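The structure appears below as structure tokens.
Because the structure is predicted, anything quoted here is derived from the model rather than measured. FYI, the numbering just counts along the sequence from 1.
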Amino acid sequence: MPSLKKSDLHKRVATVREFNRFYTQKIGVLHEGLLESQFSLTEVRILYELYHGQNLTASDLCRDLAIDPGYLSRILSAFQKQKLIAKTPSAQDARQHILSLTDKGRAAFEPLNARSEKEVAAMLKPLSLDEQNKLIQSINVVQQLLDSSRTKNTAAYVLREHQPGDMGWIIHRQAVLYNQEYNWDEKFEALIAEIAAKFMLNFDAQKEHCWIAEVNDAIVGSVFVVKESDEVAKLRLLYVEPHARGLGIGRRLVQECIKFARQRGYQKMTLWTNDILHSARRIYEQAGFQLVLEEQHYSFGQHLTGQNWELKLT
């Protein structure tokens, strides 16, 4: 993978900082009172966790919200004096107390929660449905990239059929990723676009299929089965986003291809790849594919070794 220049890193840092300033102003957290209330942002975050959570302790809040224990203790003491929260000794650890909102605390938070939902809805309203979907996908990607545990621990992904707009995204992401990871040039993007265009223009729902993998509504991978002949299916364009690797998505996508091909009466499945794509090759080998041909070629601005693989389905 090409190394990142120091000047490029500074530009990326500046971009992230600029976004932080923009979004902070957008959601209005610079106001002295959040959501036109007497509570600060941190206080509302604590009320939110206690409203939606169960059996939370001060230690849980410190960990989940990254709050200094002393600062949290002062806030909780103030809440207790205002009779917004109650403390109950923990049955598991006598040193800890379970925190919960009182009826007064819930009554104080619920208007804030409703007002927050109303403000976010007003921010989304000017956007088209497609723009809203793009925004939500982008938010999910940011969360996954900056908090790897969110993806690794939940391992919650779904597979679905392709929809309008998916092909453009697949072309874009594969072109970017293969350039970043293998320095492949725009000719690879042209190849992906050609494959995707042929798939859409000649789509045979009985003999062809595309699977889109999603995590939290964001696309993290895809694969195609296309018809080579009545007896031969071809697996094409397998990819998984870097932040979603390790969840078994690539292996699952290949398994779905094989299952589909068998159900549709194909006798054999083929694929073409390159020897430097080590992770994909391991998946193909584990699925039972056999390497049948290797040949040197110059493509995508690189000297490569192409490989043809086959799997007998009957």
Side-chain angles (χ1 to χ4, degrees), residues 1-4 9 12 16 63-64 66 133-163 166-184 188-189 192 195-196 209-225 234-261 269 271-291 300 302 304-307 309 311:
M1 183 184 301
S3 59
L4 186 65
L9 177 60
R12 296 182 182 195
V16 173
R63 181 193 66 240
D64 295 341
N133 289 336
K134 288 180 180 177
L135 177 63
I136 298 304
Q137 283 195 357
S138 299
I139 289 172
N140 284 326
V141 170
V142 169
Q143 290 181 298
Q144 291 157 15
L145 290 174
L146 296 183
D147 183 7
S148 59
S149 63
R150 187 171 185 264
T151 296
K152 300 302 182 184
N153 291 339
T154 60
Y157 69 87
V158 296
L159 301 186
R160 62 168 175 81
E161 297 182 0
H162 67 285
Q163 300 170 354
D166 286 339
M167 296 302 159
W169 178 259
I170 290 169
I171 294 167
H172 162 70
R173 287 304 300 156
Q174 291 208 34
V176 170
L177 287 174
Y178 280 84
N179 177 261
Q180 292 176 340
E181 298 183 350
Y182 303 104
N183 204 28
W184 290 5
F188 180 64
E189 184 172 0
I192 309 166
I195 294 170
H209 201 85
C210 171
W211 290 264
I212 304 292
E214 287 188 342
V215 172
N216 298 315
D217 298 320
I219 296 175
V220 296
S222 63
V223 73
F224 296 75
V225 169
K234 190 166 187 177
L235 185 153
R236 308 214 74 172
L237 299 181
L238 172 68
Y239 105 99
V240 178
E241 292 284 349
H243 64 269
R245 293 169 187 169
L247 298 178
I249 293 175
R251 186 175 298 105
R252 170 78 184 282
L253 289 170
V254 171
Q255 289 171 350
E256 292 296 327
C257 289
I258 296 171
K259 179 181 177 182
F260 175 87
M269 174 168 278
L271 66 88
W272 179 81
T273 188
N274 286 277
D275 67 344
I276 60 172
L277 305 181
H278 302 296
S279 296
R281 286 173 49 221
R282 282 196 296 271
I283 292 174
Y284 301 144
E285 286 183 297
Q286 291 169 359
F289 282 86
Q290 300 291 321
L291 177 63
F300 323 131
Q302 304 293 324
L304 301 168
T305 301
Q307 296 182 333
W309 294 70
L311 173 66

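Checked against the 6.0 Å centroid threshold, F224 and W211 do not count as a close aromatic pair. Annotation: W309 is not in aromatic contact with F289 [ring centroid separation under 6.0 Å not met].
Here the straight-line distance linking atom CD of Q307 with atom OG1 of T273 works out to 6.5 Å at 0.5 Å rounding. To the nearest 0.5 Å, atoms CD1 (I170) and CD1 (I219) are separated by 6.5 Å. Taken to the nearest 0.5 Å, the CE atom of M167 stands 16.0 Å off from the NE2 atom of H172. Of the inter-residue distances, the one linking R173 atom CZ with Y178 atom OH reads 12.0 Å to the nearest 0.5 angstrom.
Side-chain contact between V220 and Y239 is absent, with no heavy-atom pair separated by less than 4.5 Å. Side-chain contact check for Q255 versus K259: every heavy-atom pair is 4.5 Å or farther apart. Within the 4.5 Å cutoff, the side chain of Y284 has heavy atoms near those of the V254 side chain. Residues L177 and Q174 are not in side-chain contact: their nearest non-hydrogen atoms beyond the backbone lie 4.5 Å or more apart. Taking 4.5 Å as the limit, every side-chain heavy atom of V223 sits out of range of all side-chain heavy atoms of E256. Inter-residue side-chain proximity for Y182 and L277 is flagged as met; some heavy-atom pair is nearer than 4.5 Å. Contact check for D275 versus R281: side-chain heavy atoms found under the 4.5 Å cut-off. For the pair K234 and V225, the minimum side-chain heavy-atom distance is 4.5 Å or more.
Ion pairing between a basic and an acidic side chain is recognised when a charged N comes within 4.0 Å of a carboxylate O; E181 and R245 show such pairing.
D166 contributes a side-chain N or O that, together with a main-chain N or O of Q163, makes up a donor-acceptor pair within less than 3.5 Å.
The environment of Q286 atom CD is dense: over 12 non-hydrogen atoms of other residues, nucleotides or ligands sit within 6.0 angstrom.
In this structure, H209 and F260 have tilted ring planes: the angle between them lies in the 30° to 60° band.
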